[in-house]
Amino acid sequence: MHRRGRMERELDVDAAKYTSSLHFDKEILESVILVNIAHVKLLEKAGIIPSDLAERAEKHLQGMLKNPPSLDDPRYEDVHMVIEAELTKHVPQIGASLALGKSRNDAVVTAIKLRLKERLLRLHEVCLAFCDALLRKALAESDTIFPVYTHLQRAAPATFGFVMHSYAIRVLKALQHVKMLYELVDESPLGSAAVAGTSVPLDREYSASLLGFSRVSQNALESTASRDFIVEALSCLTLIMLILSSLSEELVIFSSEEFALIEFPEEFSATSSIMPQKRNPVVAEISRTKLGELLGLLTSATVIAARQASGYNLDLQQITPKLWQALEVVEETLQMMTKLVPSLKVNKDRCMRACNPPTGVVEVANYLSLEHKIPFRDAHAFAGRISKLLYDGKLDEASLRKTKAEFNIDVPLELDDLMVLMEPTRVVHSYRTVGSANPALVRRAVEDSMVCLEDERRWVRDKRVKLEYALNKLKGQKS
Ligand code: ARG
């Protein structure tokens with residue numbers, strides 16, 4: 001083994017276990033094998049190892065893709081040592097050359113980037129499916145009157161479709177970060193060796209293209225020892241989780257008996273073991289906790305990355321599993337919410353009641369300003385008094401007349417006119433600015449978002465085809 005020159009004694013069994021990454025290396029097992037296949041090809045191209053042996057080694061490594069070696073032997077520090085040992089058993093000359101010009105430091109980060117690229121494509125697709133569910137719901141509920149809140153106080157009549165579309169747009173924006181991240185990690189560190197590059201004549205461009213990377217990294221110290229990209233990935237995942245968490249929070253609140261604006265689907269609810277009347281929105285409750293988990297992962301990765309001098313330290317190893325854990329949590333939650341969104345039901349009576357006067361009372365002020373040139377502040381004060389009368393159950397012909405006189409509103413405005421101005425359906429149809437909750441405008445906006453979704457689908461298809469083409473070749477498969 002690689003210790004025998006420098007060390008006399010074997011690593012303590014507990015120390016080996018304590019420092020090993022084997023238990024989370026499974027995620028990069030395939031990528032590490034691919035990195036080794038690429039490296040063997042490079043050594044062959046450089047004339048360092050003979051073609052017949054290189055070919056045998058490649059076949060062997062390809063075989064490992066189908067029959068992966070066990071990662072359970074605690075004598076090995078990590079997956080890299082397992083692969084080297086496995087290959088050495090069968091093609092000893094090449095096994096012994098596997099670390100020529102290649103360190104675990106550049107190999108591991110290359111494998112992480114390779115695997116992350118695949119995971120980002122999957123994340124992108126899972127986000128797309130969620131966005132699609134939101135957009136379909138937005139379209140289906142574009143006419144369903146629903147109150148929207150500021151300060152958790154009824155603020156304006158809108159529609160449930162409008163609310164769903166707001167989440168779809170947030171997801172579409174988050175997708176831009178996923179794509180940026182993909183471009184960021186689409187560079188191969190292989191050939192950087194341990195920290196400063198190598199004197200072995202390796203064609204880095206060639207190994208990058210074999211592994212489906214679009215470029216090579218430019219500084220060996222940076223590429224072997226920086227995990228900034230993992231912190232960025234975790235930030236991006238936290239952002240996605242934030243969106244999911246706020247949706248979940250909203251669903252919990254709106255489905256509570258106090259609000260009762262939506263019906264949380266039974267298939268996603270639990271009941272209480274003691275209180276038979278309960279219908280607990282457990283899926284949303286669990287989903288909103290995941291933001292806390294993500295923040296924990298982001299925080300620990302950031303702190304680990306920050307507390308070390310440049311150049312590889314084994315601290316870096318501990319950052320990697322945070323990334324895979326976070327991806328798991330976010331994907332799982334996205335899939336759960338994609339399933340849940342279509343079965344959300346709106347309680348139309350309750351929503352209409354929540355939107356009834358005075359929720360749309362600003363329209364009274366708008367009307368007075370736009371149609372009768374009354375300064376908005378004065379109109380606003382009058383509308384404010386109208387809302388108070390409504391809340392107190394004291395609005396009638398007489399109190400209206402008195403209020404108009406008190407606020408100098410000298411225009412023909414009867415009680416019926418007032419109620420029509422505030423009528424929720426009329427209000428939402430009167431919204432005219434781009435991005436407003438007018439059902440027709442929401443439908444148009446949803447259609448625009450669907451076009452964006454199509455562009456996103458094309459992007460991910462394109463990237464997947466390119467990546468799979470390269471990797472299938474390396475795996476020795478036809479694509
Ligand atoms: N298991 C390590 C990791 O995941 C691989 C690199 C180890 N390098 C070293 N010089 N000990 O980061």
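We count ligands from 1, going down the list as the structure has it; atoms in each ligand are counted the same way. Heavy-atom basis, side chains included; hydrogens, waters and symmetry copies ignored. Keep in mind that what you see is a predicted model, and the values were worked out from it rather than measured.
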| note | heavy-atom search around atom 11 (N) of ligand 1 in the protein gives Arg104 NH2, 3.6 Å
| said: How far is atom 7 (C) of ligand 1 from the closest protein heavy atom, and which atom is that? | reply: Tyr312 OH, 3.5 Å
Ligand 1 N/O within reach of [X] N/O, cut-off under 3.5 Å:
X: Asp78; value: yes
X: Asn105; value: yes
X: Gln317; value: yes
X: Asp25; value: no
X: Ser21; value: yes

| message | Before you tell me yes or no, could you show the steps for Lys41 and Asp203 under salt bridge (charged side-chain N to carboxylate O under 4.0 Å, His left out), namely the whole-Å CA-CA distance, both residues' side-chain angles and the distance that decides it to 0.1 Å? | response | CA-CA 10 Å; Lys41 280 188 184 297; Asp203 182 349; over 6 Å; no
| said: Taking only non-hydrogen atoms of Leu316, do any sit less than 4.0 angstrom from ligand 1? | reply: no
| How about Glu44 and Ser51: does a side-chain donor come under 3.5 Å of a side-chain acceptor? | yes
| request: Consider only side-chain N and O atoms of Ser217 and Arg204, and report whether a donor and an acceptor are under 3.5 Å apart. | output: yes
| request: Decide side-chain contact (heavy atoms from CB on, under 4.5 Å) for Val341 and Tyr167; before the verdict, give the C-alpha distance in whole Å, the side-chain angles of both, and the deciding distance to 0.1 Å. | output: CA-CA 11 Å; Val341 163; Tyr167 281 100; over 6 Å; no
| task | Would you check if the side chain of Thr110 reaches a backbone N or O of Leu190 as a donor-acceptor pair within less than 3.5 Å? | result | yes
| For the residue pair Phe160 and Phe146, does the interplanar ring angle fall in the parallel (under 30°), tilted (30 to 60°) or perpendicular (over 60°) class? | tilted
